[in-house]
Amino acid sequence: MDVDGAMGIHFNEEIVVDILSRLPVRSLLRFKCVSKIWMALISEPYFTMKHLKLAKNNQNSPKILFLKDMFSWHLSSLTPASLPLAQFTENVQKLDWLYGRKPRNCKIYCCCDGLVLVGVRKYDNIKHLMLLLWNPSTRESTVLRSTEFLPSEDYICGLGYDATSGDYMILKIGYQSCSEILALKSGSGRIIGKPTGIYRSWLSDMDSLTFIHGAFHWLGFSRDEFVTSYDISNESWPSGWWRYVQDCYIIDLFAVVGLVCVLVPLSIARGVPVGSTMRHRASQTLGVTGKVAKPLAEMQDKALYSPLWWGPSPDTAHSGSFSALSCPFITSQSYEVPRCHIKVVLNVI
Amino acid sequence: MVKLKSNDDKEFEVEEAAVIQSEMIKNMIEDGCATSVIPLPNIDSKTLIKVIEYLNKHINMGKAAETGEEDDLKEFDEQFVNMGWEELFDVIMAANYLNIHELMELCCQSAADRLKNKSVRAVREMLKITNDLTEEEEQEIINDAPWAFEGPEIDDTVN
């Protein structure tokens with residue numbers, strides 16, 4: 001080491017970045033105060049990306065977002081490893097309200113790379129639905145510019161990262177207005193497209209669009225097409241992968257660790273009146289082959305609804321590592337509500 | 001066997017299988033530049049001994065998984081980074097110079113773990129960094145996220 005008292009430790013920038021990128025956001029915000037160089041390094045977009053990449057893969061970084069006492073349970077999580085129940089509870093972080101005072105109601109639409117899209121109605125203007133982008137790790141939030149939607153209109157939203165443009169995108173689908181795609185680079189949301197022919201969910205309380213592998217997925221409006229997908233990069237409608245569950249009554253759809261998941265009533269999942277591929281996969285998912293961690297297996301008896309997992313196409317479906325996915329369901333014990341809100345927080349900064 | 005020479009002129013013999021975990025030395029050997037002794041002008045003998053200890057233990061990473069020695073290796077790693085600050089930084093510098101990816105990971109993670117809960121003052125002192133921010137600039141950073149500067153876990157000690 002090259003140390004002499006006056007000169008300091010001569011780490012090159014690369015090593016400093018390597019060490020800093022392993023720190024939690026809270027430490028990083030504090031260490032901006034260390035020196036000019038540290039402040040510059042930590043503020044670099046390059047550093048943010050590096051930190052995100054590392055946090056995604058780090059099993060120890062906090063990834064669980066829990067919003068209790070609003071409607072039903074709002075729970076967001078990414079648990080790449082199975083956590084014991086006790087640890088899961090410990091890892092839940094309490095988060096401050098965005099605007100000091102608790103809003104009248106608040107809805108987490110979805111999470112992507114640690115950014116959370118939240119809809120808020122305040123007491124002083126209950127008709128106005130405000131859309132916020134929130135980073136729980138830095139506790140920063142931005143109100144998204146009003147769009148052409150009626151302020152009072154209810155809509156469903158999805159947040160995703162478009163690798164083609166390197167930007168985060170929001171897809172909004174309303175009851176009355178046409179759909180909008182917003183790009184976030186400007187900071188407050190700029191309308192860049194208005195896809196037509198999109199129907200919102202037939203479930204009135206299905207409040208988010210699931211984003212995975214470059215496309216949004218949700219339960220479609222029309223009953224004979226259960227899952228609707230929209231690819232933001234190609235502005236197209238990929239199709240096919242969900243035909244395996246066409247005969248299933250899907251209750252909810254969400255993403256966990258790179259997989260599309262649907263929630264179906266357990267009675268159906270047990271019998272699985274669908275194609276053989278699905279049956280095979282479902283039996284694995286449900287622990288019949290012993291691949292699922294114990295907590296999930298125990299849940300099965302109590303639960304009326306059961307999750308099924310698979311990838312974006314049947315060929316790429318995951319059949320391993322289901323144990324890793326069992327954790328989020330442990331906390332969703334209120335299964336009498338036919339849905340559980342499980343969303344994915346992928347990042348910390 | 002490959003001979004390594006530290007900057008205080010001590011020579012160490014290391015098995016080739018162990019030493020090629022260093023990308024730098026691996027390249028030297030492949031290019032035929034490692035016929036006699038490899039001088040390492042940036043590494044002192046104390047640090048080099050630590051690095052060689054690591055390389056010898058991790059000689060067959062792939063095999064460890066097969067023979068169930070993973071736990072053993074994990075324990076070794078935990079013990080290995082149990083060293084003083086300055087020693088740890090010496091090893092980081094050496095791992096960086098020799099380009100030993102796994103060792104770099106291990107030591108940088110250990111450094112991060114030690115810094116995580118430190119106060120700004122403690123970090124500056126541990127890394128011997130002179131504060132060049134003005135008081136106003138510092139206050140601005142604190143005002144942006146005051147919660148990051150408060151909390152019972154924040155540790156002002158230097159060790």
Side-chain angles (χ1 to χ4, degrees), chain A residues 1-43 47 50-51 53-55 57-62 93-97 100 135-141 348-349, chain B residues 42-44 46-47 84-97 101 104-135 137-151 153-155:
Chain A
M1 183 170 61
D2 192 0
V3 187
D4 60 64
M7 297 300 289
I9 294 173
H10 290 260
F11 270 158
N12 63 33
E13 223 174 84
E14 200 188 329
I15 301 179
V16 174
V17 167
D18 198 331
I19 296 171
L20 292 181
S21 58
R22 294 160 198 275
L23 290 168
V25 175
R26 185 175 158 84
S27 310
L28 290 173
L29 293 175
R30 191 165 65 242
F31 295 167
K32 275 186 179 179
C33 249
V34 167
S35 72
K36 279 196 168 130
I37 293 177
W38 278 41
M39 186 177 75
L41 285 179
I42 294 168
S43 312
F47 179 79
K50 192 179 160 77
H51 189 268
K53 219 172 124 191
L54 217 67
N57 298 325
N58 181 3
Q59 302 190 350
N60 298 321
S61 68
Q93 283 194 16
K94 207 176 153 198
L95 294 158
D96 295 345
W97 277 108
N135 183 337
S137 301
T138 61
R139 306 192 188 179
E140 289 168 320
S141 59
V348 181
I349 200 162
Chain B
N42 297 335
I43 306 174
D44 61 27
K46 193 172 141 239
T47 309
W85 252 125
E86 305 211 336
E87 219 182 332
L88 180 70
F89 288 132
D90 286 338
V91 177
I92 291 178
M93 299 287 276
N96 185 54
Y97 174 68
H101 183 72
M104 196 65 189
E105 284 270 300
L106 176 69
C107 294
C108 285
Q109 188 57 53
S110 173
D113 291 343
R114 295 177 201 206
L115 290 175
K116 192 171 107 179
N117 290 331
K118 293 290 175 191
S119 69
V120 172
R121 194 198 65 80
V123 171
R124 281 188 200 133
E125 200 164 315
M126 287 163 87
L127 292 161
K128 302 190 171 58
I129 296 169
T130 318
N131 177 22
D132 54 0
L133 292 160
T134 63
E135 224 165 275
E137 284 171 324
E138 226 176 295
Q139 198 53 49
E140 208 177 301
I141 298 168
I142 296 171
N143 291 346
D144 277 346
W147 54 274
F149 293 80
E150 305 154 356
E153 87 285 3
I154 296 178
D155 173 12

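Chain identifiers are assigned alphabetically (A, B, ...) following the order of the sequence lines, protein sequences preceding nucleic acid strands; residue numbering begins at 1 within each chain.
Neither the backbone nor the side chain of B/Glu125 comes within less than 4.5 Å of any heavy atom in chain A. Proximity to chain A (any heavy atom under 4.5 Å) is shown, for B/Glu140, by neither the backbone nor the side chain. Residue B/Ala111 touches chain A through both its backbone and its side chain, counting heavy-atom pairs closer than 4.5 Å.
Counting only distance, with no hydrogens or angles, the side chain of A/Arg30 and the backbone of B/Lys116 share a donor-acceptor pair below 3.5 Å.
Of all heavy-atom pairs spanning A/Arg26 and B/Gly151, the tightest one is NH2-CA, 3.8 Å. The nearest pair of heavy atoms linking A/Ser35 to B/Ile129 is CB-CG2, 3.7 Å. Heavy-atom minimum distance, A/Leu29 versus B/Ala148: CB-CB, 3.9 Å.
B/Ile141 meets the side-chain contact (heavy atoms from CB on, under 4.5 Å) test with A/Lys32, A/Cys33, A/Met39, B/Leu133, B/Phe149; sequence neighbours excluded.
Of all the listed residues (B/Asp113, B/Val123, B/Ile43), the one sharing the greatest number of non-hydrogen pairs under 4.5 Å with chain A is B/Val123.
More than 12 heavy atoms of other shown residues, nucleotides or ligands fall within 6.0 angstrom of atom CD in B/Glu153. When the shell of 6.0 Å around CD of A/Glu14 is examined, it contains 12 or fewer heavy atoms from other residues, nucleotides or ligands. Annotation for A/Lys36: atom NZ counts as buried by contact number, over 12 foreign heavy atoms lying within 6.0 Å.
The CG atom of A/Leu54 lies 7.5 Å from the CD atom of B/Gln109; values are rounded to the nearest 0.5 Å. Between the CG atom in A/Asn12 and the CG atom in B/Asn96 there is a gap of 5.5 Å [rounded to 0.5 Å].
Using a 4.5 Å cut-off on side-chain heavy atoms (C-beta onward), B/Phe89 and A/Ile15 make no contact. Annotation: side chain of B/Leu127 is not in contact with side chain of A/Val34 (no heavy-atom distance under 4.5 Å).
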Can you list the steps and then say if B/Ile92 with A/Ile19 is a side chain to side chain contact (heavy atoms under 4.5 Å, CB included)?
CA-CA 10 Å; B/Ile92 291 178; A/Ile19 296 171; 4.2 Å; yes
